[in-house]
Amino acid sequence: MTTLPRRLAGAPGGRRGKWFVLLAWLILAVALGPLAGKLGEVEETGPNAFLPRGAESAKVNTELEKFRTDTLMPAVVVYTG
């Protein structure tokens, strides 16, 4: 009875097992690779993403979005004489 679990546990470390594990990883990477590009479409990374729903700062961020424009970029100029 102990020989079957030992054989299963030692299979990935055997001569053929190493190549089988490598091949399985490559197949998984090729099969699931196109799905990684779609992650950016469903994730939310806005300023309110990690704040609680009723937080005052989340409400302020939502109101500030009304005043932001894409044409202006804030800049700071420092001049020392």
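- Cluster membership for Leu28 and Leu35, using ILVMFWY side-chain heavy atoms within less than 4.5 angstrom, is shared.
- Shown here for Leu51 and Ser57, the closest heavy-atom pair between the two residues is CD1-OG, 3.6 Å.
- Pairing each heavy atom of Ala58 with each of Pro52, the nearest pair is CB-O, 4.1 Å.
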